[in-house]
Amino acid sequence: IEYQAKECEYVVKIDPGMAFGTGEHESTKMCLMMLQALGVEGKSVIDVGTGSGILALASVKLGASEVEAYDIDDNAVKAAKDNAALNCIQDKMKVANANLLDKTSGKFDIVLANITADVLITLSQSLGEYMKEDGVVIISGIILKREEDVKTAFEKAGFKILDRMNMGEWVGFKLGK
């Protein structure tokens, strides 16, 4: 889709290839909305399960100082790298094939994870390790019927719900410690 950005708008060009993430899905929209509302400028961001790279790309465009993006799927990693090049920001984000958080040891201001409820529940115990003391986690990919399961897992892991969004059959959370 050809689009001319208006003042104060950023355009993220996406060719998802075989990966998830065009920006049209409700879970992706919610993550983008929470990310934009949070303010990213000068912050470090990690995108776990990056898919097409859309959340990482948006983070760079919104002024993040450091962006890392990981996915276990080779097609997703290729799509994210290609999309970074398409947006001329390949030198501003690290994209790699990794099983969730295996290739990073850093702590980030913002941790993004737009993946399935089961994977989020598994990650609930470890995501906090990658978050700076005053950092936040933005999660989505949660179908309404799994909301309580995910919420309970993150609360048991010591997270507090700072914001909740709902679009269609999907839910997203902004969490803090």
Side-chain angles (χ1 to χ4, degrees), residues 1-3 5 9-41 43-64 67-87 89 92-98 100-101 108-124 127 130 136-147 149-151 154 161-175:
I1 300 169
E2 288 298 319
Y3 182 79
E9 285 185 334
Y10 298 96
V11 174
V12 177
K13 298 175 184 175
I14 292 290
D15 178 355
M18 299 295 289
F20 177 81
T22 63
E24 292 298 315
H25 194 272
E26 290 94 340
S27 64
T28 308
K29 286 180 185 178
M30 286 186 288
C31 287
L32 289 167
M33 290 168 67
M34 285 190 268
L35 190 62
Q36 188 173 8
L38 182 61
V40 178
E41 193 166 340
K43 295 184 179 173
S44 57
V45 178
I46 186 169
D47 183 9
V48 181
T50 196
S52 69
I54 188 167
L55 300 178
L57 296 165
S59 297
V60 171
K61 296 250 182 173
L62 290 168
V67 178
E68 294 185 20
Y70 299 102
D71 205 294
I72 195 168
D73 183 328
D74 289 331
N75 291 321
V77 171
K78 180 182 181 334
K81 286 180 178 180
D82 290 349
N83 285 321
L86 181 64
N87 285 274
I89 58 173
K92 296 182 179 179
M93 61 187 267
K94 176 183 176 182
V95 181
N97 185 305
L100 307 172
L101 295 160
F108 298 84
D109 296 302
I110 302 168
V111 178
L112 302 167
N114 183 20
I115 43 188
T116 66
D118 288 333
V119 176
L120 289 169
I121 289 167
T122 300
L123 286 175
S124 65
L127 280 183
Y130 299 91
V136 298
V137 173
I138 295 174
I139 59 172
S140 194
I142 309 158
I143 195 120
L144 274 171
K145 68 181 181 178
R146 297 299 309 276
E147 177 179 3
D149 298 336
V150 174
K151 182 180 169 189
F154 276 88
I161 296 176
L162 305 175
D163 193 12
R164 176 197 180 273
M165 288 187 82
N166 170 235
M167 282 187 173
E169 295 293 315
W170 300 91
V171 177
F173 294 107
K174 179 174 79 171
L175 308 159

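Start at 1 with the first residue, then count along the sequence.
- One distance of note links CG of Leu62 with NZ of Lys43; it measures 11.0 Å at 0.5 Å rounding.
- Using a 4.5 Å cut-off on side-chain heavy atoms (C-beta onward), Ile161 and Leu175 make contact.
- Inter-residue side-chain proximity for Leu144 and Trp170 is flagged as unmet; no heavy-atom pair is nearer than 4.5 Å.
- To the nearest 0.5 Å, the span separating OG1 on Thr28 from CD1 on Ile54 amounts to 6.0 Å.
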If you apply the rule side chain to side chain contact (heavy atoms under 4.5 Å, CB included), what do you find for Val150 with Ile121, and how did you get there? CA-CA 6 Å; Val150 174; Ile121 289 167; 4.0 Å; yes
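- When all heavy atoms of Ser140 and Cys31 are compared, the closest pair comes out as CB-SG, 3.5 Å.
- Nearest heavy-atom pair across Leu57 and Ala84 is CD2-CA, 3.5 Å.
- Residues Val95 and Ala80 come closest through the heavy atom pair CG1-CB, 3.7 Å.
- In terms of heavy-atom proximity, Ala58 sits nearest to Leu35 at CB-CD2, 4.4 Å.
- Taking each heavy atom of Asn114 and Gly141 in turn, the nearest pair found is OD1-N, 3.2 Å.
- Contact annotation: the side chain of Phe154 approaches that of Ile139 to within less than 4.5 Å [non-hydrogen atoms, C-beta and beyond].
- The distance from atom CE of Met93 to atom NZ of Lys81, rounded to the nearest 0.5 Å, is 10.0 Å.
- Without hydrogens or angle criteria, Asp71 side chain to Thr50 main chain gives a donor-acceptor distance under 3.5 Å.
- The shortest distance between side-chain heavy atoms of Asp74 and Asn97 falls below 4.5 Å.
- Asn166 contributes atom CG, which lies 9.5 Å from atom CD of Glu26 (distance to the nearest 0.5 angstrom).
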Go through Lys151 and Arg164 one step at a time and tell me if the side chain to side chain contact (heavy atoms under 4.5 Å, CB included) criterion holds. CA-CA 10 Å; Lys151 182 180 169 189; Arg164 176 197 180 273; over 6 Å; no
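- Separation of atoms CD1 (Ile46) and NZ (Lys94) is listed at 8.5 Å; rounding is to 0.5 Å.
- Counting heavy atoms from C-beta on, the side chains of Phe173 and Glu147 come closer than 4.5 Å.
- Defined by atom type and a distance below 3.5 Å, a donor-acceptor pair is missing between the side-chain atoms of Ser52 and Asn83.
- Taking a 6.0 Å sphere around CE of Met33, one finds it holds 12 or fewer heavy atoms contributed by other residues, nucleotides or ligands.
- Scanning all heavy atoms of the two residues, the minimum distance from Met30 to Met167 falls at SD-N, 3.7 Å.
- A distance of 11.0 Å separates CG of Leu123 from CG of Asp118, quoted to the nearest 0.5 Å.
- Under the 4.5 Å side-chain criterion, counting only non-hydrogen atoms from C-beta, Leu55 is not in contact with Val45.
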